[in-house]
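Scroll down for the structure; my scribbles are underneath it.
So you know, we letter chains A, B, ... as the sequences are listed, proteins then strands, and number each from 1.
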Protein chains: 2
Amino acid sequence: MDLRVEKTKGSIANAFLSLRGRKPLEKITVKELCQLARINKSTFYTHYPDIFALSAALEREVVEAILADIPHPEGIFEHTEAFTQDLFRACNARSALIQTLFSGSREGRLIETLEAGLKELAFQRRPEYRQDPASHIVLSFVIYGGYYAYRKNLDCGLERVVDLVGRLSRQVGDFFPPGAEEQP
Amino acid sequence: MDLRVEKTKGSIANAFLSLRGRKPLEKITVKELCQLARINKSTFYTHYPDIFALSAALEREVVEAILADIPHPEGIFEHTEAFTQDLFRACNARSALIQTLFSGSREGRLIETLEAGLKELAFQRRPEYRQDPASHIVLSFVIYGGYYAYRKNLDCGLERVVDLVGRLSRQVGDFFPPGAEEQP
DNA sequence: AGAAAAGAGTTGGATAAACGACACAAGACG
DNA sequence: CGTCTTGTGTCGTTTATCCAACTCTTTTCT
């Protein structure tokens, strides 16, 4: 990528995160962002249509980085337990960033973006599942289940939650391919 | 100034000072500077002919900043004592920067650049002295005198040196216009 | 409500910076 | 010694960014 683009996007991201740490997304103006990032307003618009698109792009990037950080992504089906644990680890390593990026009105975007990323990862491994509605259901089930099991039970201790969710995920993993049940 | 130029020069300066803090000027290559500053080599050459010119430019800038920091530069002749004290203060506020920029082979450049800046300041106040050799002599005398009185007697305590140099400067200031002596 | 200020987005033209290639010089190394 | 690497400095082309000006919308203030 062009060095100029890299630097520009970097300073936009920095400025955005700095502002986002102090105020909700909808109160951030393009003008102040550009002043902080020391770029021209028109330069911002060559990269993002508006602030929300910028936030969405950064959200996707974080999720991408999280998934790229998992040692053995190919084990998403075969070693679901280890995969889940690595996923939690990768998220934990970015807790501060996640907190600022996904706070306020962006609360629900983390799990949604994660779901999309995880499904993409899964379907790259098993393309034949992509058109199978049952696979989508099972994946959504385990992803959202794991997420909210985590969110709603933090007081149980992180390790315990991760351990249990990991084992539950493995159980669910045994259901694949889910469509098979319907044609015995 | 164009925002692009500002940012480029800024990152060049930062990279240079960072390198300069670790190695002598003549060991700094254009290549590593550009890598650190994250700019293209050709961009460097559009601003500076070589590393030495860069260093010289930064040296001048520091001296400019020091002089611009003196509350009442117009008092260079009438209130030499206060002027001297303010000058020492302004230098002290940049001691770290000065140390890295004027170390090694650049040792002597601080006082030389300071002399040029102070003379320029003086001659802007009294343009009629600019062509007068005697004025140059007296100014060089007081500037270098003050500088080395400071450098060679740091163990006497800063305040004492500044106080004495300030009073001496005032004595010398009374000699102006120096050419007058020769035509009684 | 109505004026004034501030922000959103767009556009056209100017230009700084990036890129890649090049010839050349200097130092390292076997 | 020759070769090989590393850095220097330049050039032509492409492109990202800047800038200034503009309209339109939103917010703020009285």
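Cation-pi geometry between A/R125 and A/F77 is not satisfied (NZ or CZ under 6.0 Å from the ring centre, within 45° of the ring normal).
Taking a cutoff of 4.0 Å between a charged side-chain nitrogen and a carboxylate oxygen, B/R106 and B/E26 do not qualify as a salt bridge. Ion pairing between A/E32 and A/K27 fails under the 4.0 Å rule for side-chain N and carboxylate O.
Both B/I28 and A/K9 lie near DNA chain D, and the one whose nearest nucleotide falls closer to the 5' end is B/I28. Take the nearest nucleotide of DNA chain C for A/Y45 and for A/L3: the residue whose nucleotide is more 5' is A/Y45.
Across all strands, A/N40 comes closer than 4.0 Å to base atoms (heavy-atom distances). Nucleic acid contact class of B/K7 (heavy atoms, under 4.0 Å, all strands): sugar-phosphate only.
Spacing between atom CZ of B/F52 and atom P of D/dT8 amounts to 10 Å, rounded to whole angstrom units. Atom CD in A/Q35 sits roughly 17 Å away from atom C1' in D/dT17 (whole-Å rounding). In this structure, A/D50 places its CG atom 17 Å from P of C/dG7, rounding to the nearest Å. Following rounding to the nearest Å, A/E26 (CD) and D/dT27 (P) show an atom-to-atom distance of 13 Å. With rounding to whole Å, B/E6 atom CD is found 11 Å from C/dA17 atom P. Nucleotide C/dA16 holds its C1' atom 12 Å from the CD1 atom of B/I12, rounded to whole Å. Between A/I51 atom CD1 and C/dG7 atom P the separation is 12 Å, expressed in whole Å. Atom CZ in A/F44 sits roughly 18 Å away from atom C1' in D/dC19 (whole-Å rounding).
Closest approach to the A/R4 side chain among D/dC18, C/dA16, D/dG9 is made by C/dA16 (side chain taken as heavy atoms from C-beta onward). Considering only the side chain of B/D2, D/dC18 comes nearest among C/dT10, D/dC18, D/dT17. Looking at the side chain of B/V30, the nearest of the listed nucleotides D/dG9, C/dG9, C/dA17 is D/dG9. Nearest to the side chain of B/K41, among C/dG9, D/dT8, C/dA17, sits D/dT8. In this structure, of D/dT8, C/dA16, C/dA8, it is C/dA8 that holds the atom nearest to the side chain of A/K31.
How far NE2 of B/H79 is from CG of B/D86: 11.5 Å, rounded to the nearest 0.5 Å. Considering CG of A/D155 and CG of A/N153, their distance stands at 6.5 Å, rounded to 0.5 Å. Taking CG from A/N40 and OH from A/Y45, the interatomic distance works out to 11.0 Å, rounded to the nearest 0.5 Å.
Residue A/T43 places at least one side-chain N or O closer than 4.0 Å to OP1 or OP2 of D/dC18. Between C/dT11 and A/S42, no contact under 4.0 Å exists linking OP1 or OP2 to a side-chain N or O. For A/H47 and D/dT17, the shortest distance from a side-chain N or O to OP1 or OP2 is below 4.0 Å.
No donor-acceptor pair under 3.5 Å is formed between the side chain of B/R126 and the backbone N or O of B/A122.
Across its full length, the helix from C/dA1-D/dT30 to C/dG30-D/dC1 shows an angle of 60° between the axes of its 5 terminal pairs at either end, rounded to 10 degrees.
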Practice task
Just do the side chain to side chain donor-acceptor pair (under 3.5 Å) check on A/S18 and A/R22 with the steps written out, would you?
Solution key: CA-CA 7 Å; A/S18 164; A/R22 283 181 258 129; 2.8 Å; yes

